[in-house]
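Accompanying notes for the structure given below.
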Amino acid sequence: MSSAADPRDPEFIARSNADRQADLTAEYESLGRVLGRRGVEIDVVTNAVGAFATAIPSWGVGTGGTRFARFPGPGEPRDVFEKLADCAVIHALTRATPTVSLHLPWDYTQDLAALRECATAAGLGFDAVNSNTFQDRSGQRLSYKYGSLTHTDAAVREQAVAHNIDCIATGRQLGSKALTVWIGDGANFPGQHNLAGAFERYLGSVAQIYAALPPDWRLLVEHKMYEPAFYATVIQDWGTSLLAAQTLGPQAHCLVDLGHHAPNVNIEMIVARLIHARRLGGFHFNDSKYGDDDLDAGSIDPFRLFLIFNELVDAQARRVPDFAPAHMLDQSHNVTDPIESLMASAIELQRAFARALLVDRDKLAEYQRTNDVLMAAQTLRHAFNTDVTPILARARVQRGGAIDPIAAYRASGYREDCARKRPARGGSSSGIV
Ligand code: RM4
Ligand code: MN
Ligand code: MN
């Protein structure tokens, strides 16, 4: 690289840590004493946090936009190989994001062997593959304007099913183990759809996709309350998603995208219900305030994120069988450098996880049993209010990452280097991703 430094280079990361190491040691030891007095062994938490991994969405490393405009950033990746390079930077500095979740056909390439090699060389693997039947691609025979897996025309449904099966084939070659199916299908007007019929058509289509799953794969059904359909979305909530998963069979699970609910919905309760049903397949982490669904994880309501992780840690503590939800980010970065946002978000997930690990579960259970409401709430707050920053930094350093990933990234000059090497292709266009 012609930049000041390659942020993926372990020596660069070690140099960037050198000045910060003494402060971190002091802060970590001090926190260790605080936690020790609470009966918590800090290294146990640090090791668990270090093992907590999240997949980067390939579409997240490009600059996003709204339906009004997109303002491209400098040095955006122009193909899937450049996206992988950016994902490698995120993982090298955070050591929290060892996998990439692809979106097809956006990430389509003729040379899958080269893609797999490129990922392996960068130390990356592939998480769930995402299908896309919410857009038409050039040269496509039939349009998805009025739906895909639920279209009234069987030929359109067949085309959408075939695309999903093709995604499975691609994912198999890359080492993925799951297909995430999110559809934009729905109605903009009352009367546009037969509500019952649309869901029945969905079940018929998705059953064909399910039948093509390898035995060690999962099909993740992702719900979304609205958008692009504004009146009635076919897979609109966790109830419909669970119904679909249970109808399909044991390899079908529900994916919870945090941004896909009405404001104020109690997402941690949805998570608890899906855990009960043994159908929590995974997450698309992000945050939202109003009708947006792709703000940075933990940027609006970190307490809610903590409460969701509290359910996950509780399920682990209860040893729920086959409990292995996939963790993926799904964000749109419109006004920040996507690499910085994704690093910060991956760290926010670890922060929420670390805080959830600090909840004194025995005490909480006792307060719940005796109906000591105030102390039960205080037990959660106490964990949430603990500053676990030194734990997160130590977990990164132990795995070769940076104490301060964003500072190291900025110092490396990676973005400036990309801006030189990846000249923009054309002007601004609209589009959410
Ligand atoms: C949707 C949904 C899907 C994602 C697309 C780009 O809102 O979250 O997961 O693939 O956006
Ligand atoms: Mn999503
Ligand atoms: Mn979304």
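A 6.0 Å sphere centred on CG of D322 holds no more than 12 heavy atoms belonging to other residues, nucleotides or ligands. In this structure, R278 places its CZ atom where more than 12 heavy-atom neighbours from other residues, nucleotides or ligands lie under 6.0 Å away.
The aromatic rings of Y414 and Y409 lie tilted to each other, with the angle between the two planes from 30° to 60°. Using cut-offs of 30° and 60° on the angle between ring planes, the pair Y226 and F230 is tilted. The aromatic rings of H327 and F285 sit tilted, their planes meeting at an angle between 30° and 60°. Using cut-offs of 30° and 60° for the angle between ring planes, the F306 and F384 rings count as tilted. Ring geometry for Y202 against F199 counts as parallel: the plane angle stays under 30°, on a 0 to 90° scale with 60° as the upper cut. The aromatic rings of F353 and F309 sit tilted relative to each other, their planes meeting at an angle between 30° and 60°.
Of the charged side-chain nitrogens involved, none lies within less than 4.0 Å of a carboxylate oxygen, so that D79 and K83 do not count as a salt-bridged pair. Taking the charged nitrogens against the carboxylate oxygens, R422 and E76 have no contact shorter than 4.0 Å, which rules out a salt bridge.
For H91 against G123, the heavy-atom pair with the smallest separation is CD2-O, 4.3 Å. When all heavy atoms of L280 and R218 are compared, the closest pair comes out as O-NH1, 4.3 Å.
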